[in-house]
Engineer: 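Would you mind keeping the following structure in view while I ask a few things?
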Amino acid sequence: MDVPVRHPWPTTPREAEAIQDRLRPLLDLTGPGSDEPRTVAGLDVSYAEGSDLLAAAVVVLDAATLKPVEESVVIGTAAFPYVPGLFAFRELPALVEALEKLSVTPDLLVCDGHGLAHPRRFGLACHLGVLTGLPAMGIAKTPLLGSYDPPGEDRGSASDLRDNGEVVGRALRTRDGVRPVFVSAGHRIDLDTACRHALALSPRFRLPETTRRADRLSRQALRDS
DNA sequence: GCGACAG
DNA sequence: ATCTTGTCGC
């Protein structure tokens, strides 16, 4: 697939924040949400211990059956140090390269991290959404910011994640009695729709099949490198 | 000032 | 993210 939007690569955290602030207005958050996607892509990155090697993986699933349609992996290096709030700059180049190798264009991107639940409202899912133009959402294992009431113990229970009163995401229980995941909108999707997709993608485990498949693929690629 | 802090 | 033994619970 094509990734049309490009921007200069930052050297310093200050430059990185400036890029986020410049891309932020390009977000489309007005839409009702992506209507039933036919294909959903999961993205994840694994890192090597000693070196700065990494493996970025994209797995496209049939949204109805959750069966893989296409896979793409890229071996690369960390493009930025890990800084909370600037996490996207670390793995964006490799993820974009993996996306470009796909022969199909997925209808939705599910990122391993946050979208709007971010200090400048521009997490990885927002960034990837703007670069690709595709609907994108984030599903993170832990919150980066915000507060929330513990959701009910049943799968499907949810409570808003608020940052200074603003709803930036949702703590969503994808399995009975298991700690929730944190869902946020990235681009061209609303929070309710994102949570609906998160649940549909997680019929059995805490994490969505998209993330699980991408995680497995990226680890395997790193081993085989 | 101190702690927290996606992966 | 990744390094890692044992341990608790279903």
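Values below: every heavy atom of this structure, side chains too, minus hydrogens, waters and symmetry copies. Residue numbering restarts at 1 for every chain, and letters A, B, ... go by the order of the sequence lines.
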Engineer: Hey, does A:Arg173 have a side-chain heavy atom less than 4.5 Å from the side chain of A:Asp154?
Structural biologist: no
Engineer: I'd like to check A:Leu128 versus A:Leu99 (side-chain heavy atoms, cut-off strictly below 4.5 Å). Are they in contact?
Structural biologist: yes
Engineer: Can you sort out the partners of A:Ser46 under side-chain hydrogen bond (donor to acceptor under 3.5 Å, both in side chains), two or more places apart, ordered by chain and number?
Structural biologist: A:Ser218
Engineer: In this structure, is the centre-to-centre distance between the rings of A:His127 and A:Phe89 below 6.0 Å?
Structural biologist: yes
Engineer: Base contacts versus sugar-phosphate-only contacts with protein, heavy atoms under 4.0 Å: please encode nucleotides 2-7 of chain B as B, S and - from 5' to 3'.
Structural biologist: ---BBB
Engineer: With side chains defined as the heavy atoms from C-beta onward, is the minimum distance between A:His197 and A:Met137 less than 4.5 Å?
Structural biologist: yes
Engineer: Quickly work out the A:Arg219 CZ to C:dA1 C1' distance and round it to whole Å.
Structural biologist: 9 Å
Engineer: Dot-bracket for DNA chain B, please, read 5' to 3', with Watson-Crick or G-U wobble pairs under 3.5 Å on both distances, ( ) within the strand, [ ] crossing, | other strand, . unpaired.
Structural biologist: .......
Engineer: How about CG on A:Asn164, more than 12 heavy atoms from neighbouring residues, nucleotides or ligands closer than 6.0 Å, or not?
Structural biologist: no
Engineer: With a 4.0 Å cut-off, would you call A:Arg14 and A:Glu17 a salt bridge?
Structural biologist: no
Engineer: Using a 4.0 Å heavy-atom cut-off to protein, can you give one letter per nucleotide of nucleotides 4-10 of chain C, 5' to 3': B if the base is in contact, S if only the sugar-phosphate is, - if neither?
Structural biologist: -------
Engineer: Could you walk me through whether A:Arg219 and A:Asp44 pass salt bridge (Lys or Arg N to Asp or Glu O under 4.0 Å), step by step?
Structural biologist: CA-CA 9 Å; A:Arg219 290 193 194 207; A:Asp44 192 29; over 6 Å; no
Engineer: Can you confirm whether more than 12 heavy atoms, excluding those of A:Arg38, are under 6.0 Å from its CZ atom?
Structural biologist: no
Engineer: Taking only residues two or more places apart in sequence or in another chain, which ones pass side-chain contact (heavy atoms from CB on, under 4.5 Å) with A:Arg223?
Structural biologist: A:Gln220
Engineer: Which dot-bracket string describes DNA chain C (Watson-Crick N1-N3 plus N6-O4 or O6-N4, or G-U N1-O2 and O6-N3, all under 3.5 Å; [ ] crossing; | other strand)?
Structural biologist: ..........
Engineer: Is there a donor-acceptor pair closer than 3.5 Å between any side-chain N or O of A:Ser184 and the backbone N or O of A:Val168?
Structural biologist: no
Engineer: Is A:Val40 close to A:Glu209 at the side-chain level, that is, under 4.5 Å between some pair of heavy atoms?
Structural biologist: no
